[in-house]
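Okay, so here's the structure we're looking at.
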Amino acid sequence: MSDWYRDFANSGVGTTITRQLGLPRPAVLRRYEPGQPLLPGPAVVGSAGAGRLGNRLTALLRDAGVAVQSLGAADVEDGERPAAVLLDATGLTGPGDLAGVHAFLAPAVKRLRRSGRVLVLGDPPTGAESPAQAAARQALDGLVRSVAKELRDGSTANLLLVPARTEESLAGPVRFFLSGRSAYVDGQQVTLSGAAGDVAQDELRPLAGTVAVVTGAARGIGAAIARTLHRDGAVVVVVDLPSAGDHLAEVANGVRGTALQLDISREDAGQRIIDHAVQRHGRLDIVVHNAGITRDKLLVNMDPARWESVIGVNIAAQLRINETLLASEHFRTTPRIVSVASTSGIAGNRGQTNYAASKGGVMGMVRATAPLLGAHGGSINAVAPGFIETEMTARMPFATREVARRLNSLQQGGQPTDVAEAIAFLASDAAGGISGEVLRVCGQNLVGA
Ligand SMILES: NC(=O)c1ccc[n+]([C@@H]2O[C@H](COP(=O)([O-])OP(=O)(O)OC[C@H]3O[C@@H](n4cnc5c(N)ncnc54)[C@H](O)[C@@H]3O)[C@@H](O)[C@H]2O)c1
């Protein structure tokens with residue numbers, strides 16, 4: 001879907017007018033294209049406190065072909081403008097150490113290019129040795145979210161928490177946050193929980209050799225997920241209702257995969273998915289629970305049918321399918337599940353008690369299922385999209401849509417491909433150190449931020 005205002009704001013006359021009137025100036029975001037360098041310029045790396053990740057960070061950036069500018073705040077003023085600023089803020093002992101965070105970030109961020117990346121690495125506040133240490137660690141969260149709100153021109157800031165013994169899985173998440181794959185991920189926090197992450201040898205096809213199933217793939221975000229997983233090398237099975245059969249066949253042909261017409265709320269849906277994947281493609285590695293519905297009404301006017309259909313499709317079906325997957329011998333080799341939640345499930349939304357309950361449920365399910373998949377070396381995560389430009393949001397009344405799509409730090413709606421890129425990352429071995437997490441793809445939506 002097009003965003004005429006963003007296009008206008010980036011035209012010659014539009015730039016002048018929006019600047020003079022102080023109107024929002026949404027940037028054209030840097031998005032991933034296969035084969036492009038990880039960053040369009042050098043990265044500046046620094047540390048505050050007794051950081052333990054600096055050398056590792058520098059090495060992994062060099063491995064990824066990134067020029068690392070310098071390690072000291074004093075040198076930041078020289079050289080080419082950085083495309084990324086990375087701060088190792090592990091090892092903080094108390095709020096006094098935050099002065100070092102400020103001293104490094106202020107000059108570095110000032111020189112950041114358009115569509116730049118700020119990535120801060122920290123320790124999780126849980127497990128701190130003292131209240132002062134917990135305070136300093138937690139302070140990073142507020143600080144990074146504020147930096148994200150101050151950045152302009154399509155730049156983002158995110159926080160990666162790296163507990164002890166998860167360092168081995170750092171490379172994949174760092175690359176994701178620096179790349180164009182995370183264009184619409186802003187002001188977020190991800191915690192590593194394992195050391196199983198591994199960057200793919202074949203950078204262009206990180207999902208080569210896998211078979212992935214995507215539900216609700218006949219259109220919208222699901223179709224984008226299918227295309228992105230296919231681009232990344234997976235064999236894709238697309239699933240949707242029989243009534244969406246024609247569109248589903250088109251998507252399946254486009255990704256040279258196969259179509260399975262199936263209502264995911266059927267009792268035997270999990271088994272049908274496994275049987276199709278194994279019989280047609282010989283295996284099953286990745287399941288993306290994307291199918292979802294809305295049946296909006298204020299709580300006081302909500303009839304049981306609206307309530308039950310939304311809970312039934314959006315959460316009960318996922319739970320039942322996961323139970324079948326977990327019991328199957330065909331889903332045992334680094335199995336990966338990614339569920340689509342929603343920022344409504346975090347912040348709540350008027351008229352969406354049923355939908356927000358179902359999406360909150362998805363997040364609870366993901367956290368509780370993580371150890372079960374971990375037993376097979378796998379992972380499960382959720383992605384929570386904010387305002388995404390789809391047929392659903394195109395149907396909103398003009399004024400409501402304009403307000404909703406600008407109410408985030410990037411001042412624009414996300415594209416279905418932004419959600420798909422986050423899902424493709426979470427479905428890959430590069431994200432093997434991440435499980436039980438909810439990643440918002442919402443441009444730092446101000447609602448529930
Ligand atoms: N569009 C947004 O801004 C947005 C924001 C947050 C979350 N989401 C979530 O993203 C997901 C995709 O959203 P979308 O905007 O592409 O929606 P969409 O309505 O365009 O597509 C959903 C697809 O799911 C299919 N589906 C519905 N019920 C099904 C069932 N029982 N069995 C099999 N397939 C079924 C539909 O036929 C449709 O093709 C949903 O889970 C939605 O809740 C969307």
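One-based numbering, in listed order, for ligands and for the atoms of each.
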Relative to ligand 1, is Thr393 under 4.0 angstrom through side chain, backbone, both or neither, heavy atoms considered?
side chain

Considering the heavy atoms of Ile293, write down every atom of ligand 1 situated less than 4.0 Å from one of them.
27 (C), 28 (N)

Please confirm whether the backbone N or O of Leu241 pairs with a side-chain atom of Asp263, one donor and one acceptor, at under 3.5 Å?
no

Measure across Gly378 and Arg336 and return the closest heavy-atom pair with its distance rounded to 0.1 Å.
C-NH1, 4.0 Å

My understanding is that only one of Val66, Val44, Val174 makes a side-chain contact (heavy atoms from CB on, under 4.5 Å) with Leu86; could you say which?
Val174

Option passing side-chain contact (heavy atoms from CB on, under 4.5 Å) with Leu192 (candidates Leu170, Leu121, Leu161)
Leu170

Nearest non-hydrogen contact with atom 22 (C) of ligand 1 belongs to which option: Gly386, Gly292, Gly220, Ala384?
Gly292

Closest non-hydrogen protein atom to atom 6 (C) of ligand 1, residue and atom name please, with distance?
Pro385 O, 3.4 Å

What's the shortest distance from atom 44 (C) of ligand 1 to any protein heavy atom, and which residue and atom give it?
Ile221 CD1, 3.6 Å

By salt bridge (Lys or Arg N to Asp or Glu O under 4.0 Å), which residues pair with Asp141, not counting sequence neighbours?
Arg145

In this structure, atom 3 (O) of ligand 1 is nearest to the protein heavy atom Ile388 N, 3.1 Å

Can the positive tip of Arg181 be found less than 6.0 Å from the middle of the six-membered ring of Tyr32, inside 45° of the ring normal?
yes

I'd like to know if the side chain of Asn408 and the backbone of Gln412 have a donor-acceptor N/O pair within less than 3.5 Å.
yes

Give a yes/no verdict on whether any heavy atom in Glu391 is under 4.0 Å from an atom of ligand 1.
no

Does Ala341 come within less than 4.0 angstrom of ligand 1, counting non-hydrogen atoms of the residue?
yes

Between Ser265 and ligand 1, is there a nitrogen or oxygen pair with a distance under 3.5 Å?
no

Looking only at protein heavy atoms, which one is nearest to atom 43 (O) of ligand 1, and what is the separation?
Tyr355 OH, 2.5 Å

Any heavy atom of His247 sitting closer than 4.0 Å to ligand 1?
no

Do we see a donor-acceptor contact under 3.5 Å between the side chains of Ser358 and Asn314?
yes

Is it true that a side-chain atom of Arg113 and a backbone atom of Pro40 form a donor plus acceptor pair closer than 3.5 Å?
yes

Between Leu241 and ligand 1, which residue portion shows a heavy-atom distance shorter than 4.0 Å: side chain, backbone, both, or neither?
both

Side chain Thr156, main chain Asp186, donor-acceptor under 3.5 Å:
no

Ligand-residue contact atoms, ligand 1 with Asp263, heavy atoms, under 4.0 Å:
30 (C), 31 (N), 32 (N)

Protein residue, atom and distance nearest to atom 15 (O) of ligand 1, heavy-atom basis:
Thr390 OG1, 3.6 Å

For a side-chain contact (heavy atoms from CB on, under 4.5 Å) with Asn158, tell me which candidate from Leu119, Val120, Val190 qualifies.
Leu119

For Thr215 and ligand 1, answer yes if some heavy atom of the residue is under 4.0 Å from a ligand atom, otherwise no.
no

Atom 24 (O) of ligand 1 - nearest protein heavy atom and its distance
Gly216 CA, 3.3 Å

Protein contact to atom 32 (N) of ligand 1 [nearest heavy atom, distance to 0.1 Å]:
Ile264 N, 3.0 Å

Under 4.0 Å from a heavy atom of Val340: give me the atoms of ligand 1 that qualify, with their elements.
9 (C), 10 (O), 11 (C)

Kindly identify the option in Thr343, Asn290, Leu262, Asp240 whose heavy atom sits closest to atom 39 (O) of ligand 1.
Asp240

If only atom types and distance count, is the side chain of Arg137 paired as donor or acceptor with the main-chain N or O of Pro124 below 3.5 Å?
yes

Checking Ser155 against Asp153: is there a side-chain donor and acceptor pair closer than 3.5 Å?
no

I need the nearest protein heavy-atom contact for atom 2 (C) of ligand 1: residue, atom name and distance, please.
Met392 CE, 3.6 Å

With the threshold set strictly below 4.0 angstrom, can you tell me whether any protein non-hydrogen atom sits that near atom 20 (O) of ligand 1?
yes

